[in-house]
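Below, chain A is the first sequence line, B the second, and so on; all start at residue 1.
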2 protein chains.
Amino acid sequence: MTVVGICEDDPDVRRVLTDALKMNGHRVVIARNGREAVENLGRHSGVDVLVLDIGLPDADGRDVCQALRSGGQHAPALFLTAFDAVHDRVSGFRSGGDDYVVKPFAIAEVLVRIESLVRRSRPVPASTSGLALDPERLSVRVGDREVALTPTEFRLLGAIAAEAGNVVRRRTAVAAAWPDGAIVNENTIDSYVRRIRVKLATIDAPVELTTVRGVGFSLR
Amino acid sequence: MTVVGICEDDPDVRRVLTDALKMNGHRVVIARNGREAVENLGRHSGVDVLVLDIGLPDADGRDVCQALRSGGQHAPALFLTAFDAVHDRVSGFRSGGDDYVVKPFAIAEVLVRIESLVRRSRPVPASTSGLALDPERLSVRVGDREVALTPTEFRLLGAIAAEAGNVVRRRTAVAAAWPDGAIVNENTIDSYVRRIRVKLATIDAPVELTTVRGVGFSLR
DNA sequence: ACCACGCAGTCAGGTCCGTTGCAGGTTGTC
DNA sequence: GACAACCTGCAACGGACCTGACTGCGTGGT
């Protein structure tokens, strides 16, 4: 079950969203403005995904997001923008795995996008790899030992850990860790793999990030 | 190599998908609408994975999928849903190992999802030889014992195991393991056969890679 | 405005290992 | 026994990978 954090001032919109989400088996945490958002939707709120209105009375949704992020809240965000808002820079904040929809929206579309965001950021179940990847804290944990990862390191390790036991091709790994089709130097991925290996070693992770020569990498 | 069947009416989207897939070494079969899909992407088309637009001019991609399924086409499907489409029950068809992405999509994400679908839908065949060749891990397994192979070793063993019980001519084996018409020393294949024998022995494989003098090799 | 810091990405050099073919021994066939 | 086909061990080559350091960029604090 997904916990959705909503920050929206319009009671009708809140209502519609809440009903639809609950009907689909999700839980909802409400904030009516930016202040409440920071209070209710922060790092330890258990929220899996954020739905933030851009046009709040007391703040811009993007600023709210920023504030939450700096407080350690890394759940992906879906922004709601008004139909007649200026669309410059809207696409800009789609980076970082976030997304947006334009009001008035079809509620079903919002549901799809929420599920899509959640799917992309789901933590890897510890059962498969022995590692606990925490997207909220951008960290890996094994037992009570934990290391922080950078966003890129986290995406890369996530992609490889998701296929634990299988070989992840270099190209696949690149596509997963550098989503917007960025072209990175072949060697860049090696550097990141190395950094991840070093970090995994510091917590005595019971896994090995092996390289399968000519193919890719594999977590065992 | 994966064969991807695409059903999409927008020429631009077709173009982007086709280019990206070809660039990544896949083959593409095109259908511009539901009718063509049923004609071109059916059971015997050799398609490994389907990419279906939901919003086709003459049909719903989900109906197309249904039609193909009832015709015996069981390749997994990736659905493309339009940004502004109405998404009633969209999450419903995620069952069956299918998946979907929302337009506009990052092409890299589509690639990752396609490869993921293909991987999941290709279970390791419990081959007649008693060997389990796992292309995902580049390994052979028998029972719970497993050895890693190099890419060339794997291709060679794969070619011979595919004809388990029959004799594979040296020429045929070379053509299978060295695809681009490379000219290799006659002795090179002997070296590889030897190494494969050694590796099979380490896992007590219940088979024998015998040589048929003057002809080729055979797995029994 | 400035600086310190952390992250992303690149580079150069070194190392490793898959691939290949050689040399010499062994087996099978006539 | 003679010859060809095959097996075995080994060593060279080259590309793939590893490593450590460096640059540039953005962010946050002073």
Side-chain angles (χ1 to χ4, degrees), chain A residues 62-63 65-72 74 89 92-93 95-97 137-139 147-160 167-171 173-202 208-218, chain B residues 138-139 147-158 160 167-171 173-174 176-202 208-218:
Chain A
R62 283 162 285 188
D63 298 333
C65 180
Q66 191 102 31
L68 289 169
R69 292 271 189 270
S70 66
H74 292 291
R89 323 230 358 89
F93 61 81
S95 59
R137 313 187 49 176
L138 277 185
S139 68
V147 256
L149 299 175
T150 71
T152 307
E153 287 166 0
F154 188 87
R155 286 193 303 273
L156 180 56
L157 178 55
I160 297 173
V167 179
V168 177
R169 288 170 196 291
R170 293 179 83 93
R171 207 177 303 133
V174 168
W178 287 269
D180 19 320
I183 298 160
V184 293
N185 190 303
E186 265 299 294
N187 198 359
T188 301
I189 189 170
D190 297 321
S191 290
Y192 276 95
V193 166
R194 168 169 158 69
R195 282 173 209 167
I196 291 170
R197 280 181 180 141
V198 169
K199 289 195 175 180
L200 287 179
T202 65
E208 212 176 349
L209 212 184
T210 59
T211 124
V212 181
R213 206 182 163 82
V215 186
F217 300 94
S218 169
Chain B
L138 275 188
S139 68
V147 257
L149 300 176
T150 71
T152 308
E153 287 166 1
F154 188 88
R155 286 193 301 272
L156 180 55
L157 177 55
I160 297 173
V167 179
V168 177
R169 289 172 189 289
R170 293 178 83 95
R171 281 294 157 63
V174 168
W178 288 269
D180 24 320
I183 299 160
V184 293
N185 189 303
E186 267 299 294
N187 184 250
T188 300
I189 189 171
D190 297 321
S191 292
Y192 274 96
V193 167
R194 167 170 159 67
R195 241 169 305 140
I196 290 170
R197 281 180 179 142
V198 169
K199 288 196 174 178
L200 287 180
T202 65
E208 212 176 349
L209 181 42
T210 59
T211 125
V212 181
R213 203 181 166 83
V215 186
F217 301 94
S218 169

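In this structure, Thr210(B) OG1 and Arg197(B) CZ are separated by 7.5 Å, a value rounded to the nearest 0.5 Å. Put simply, CD1 on Ile189(A) and OG1 on Thr152(A) are 11.5 Å apart, with the number rounded to the nearest 0.5 Å. Separating the CZ atom in Phe217(B) from the OG1 atom in Thr211(B) is a distance of 5.5 Å, to the nearest 0.5 Å. For the atom pair CG (Leu138(A)) and CZ (Arg155(A)), the distance works out to 9.0 Å, reported to the nearest 0.5 Å.
Rounded to whole angstrom, the span from the CZ atom of Arg197(B) across to the P atom of dT8(D) amounts to 7 Å. One atom, CZ of Phe154(A), and another, C1' of dC7(C), lie 16 Å apart when rounded to the nearest Å. The interatomic distance linking Leu138(A) (CG) with dG6(C) (P) rounds to 16 Å, in whole Å. Distance, Asp190(B) CG to dT26(C) P: 17 Å, rounded to whole Å.
Just one of Leu157(B), Thr150(B), Val147(B), Ile160(B) meets the side chain to side chain contact (heavy atoms under 4.5 Å, CB included) condition when paired with Ile196(B); it is Leu157(B).
Here Arg170(A) reaches the OP1 or OP2 of dC17(D): one of its side-chain N or O atoms lies under 4.0 Å away.
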Classify every nucleotide of nucleotides 10-20 of chain C by which part a protein heavy atom approaches to under 4.0 Å, writing B for the base, S for the sugar-phosphate alone and - for neither, in 5'-to-3' order. BBB---BBSBB
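Under the 4.0 Å criterion applied to side-chain N and carboxylate O atoms, Arg170(A) and Glu186(A) are assigned as salt-bridge partners.
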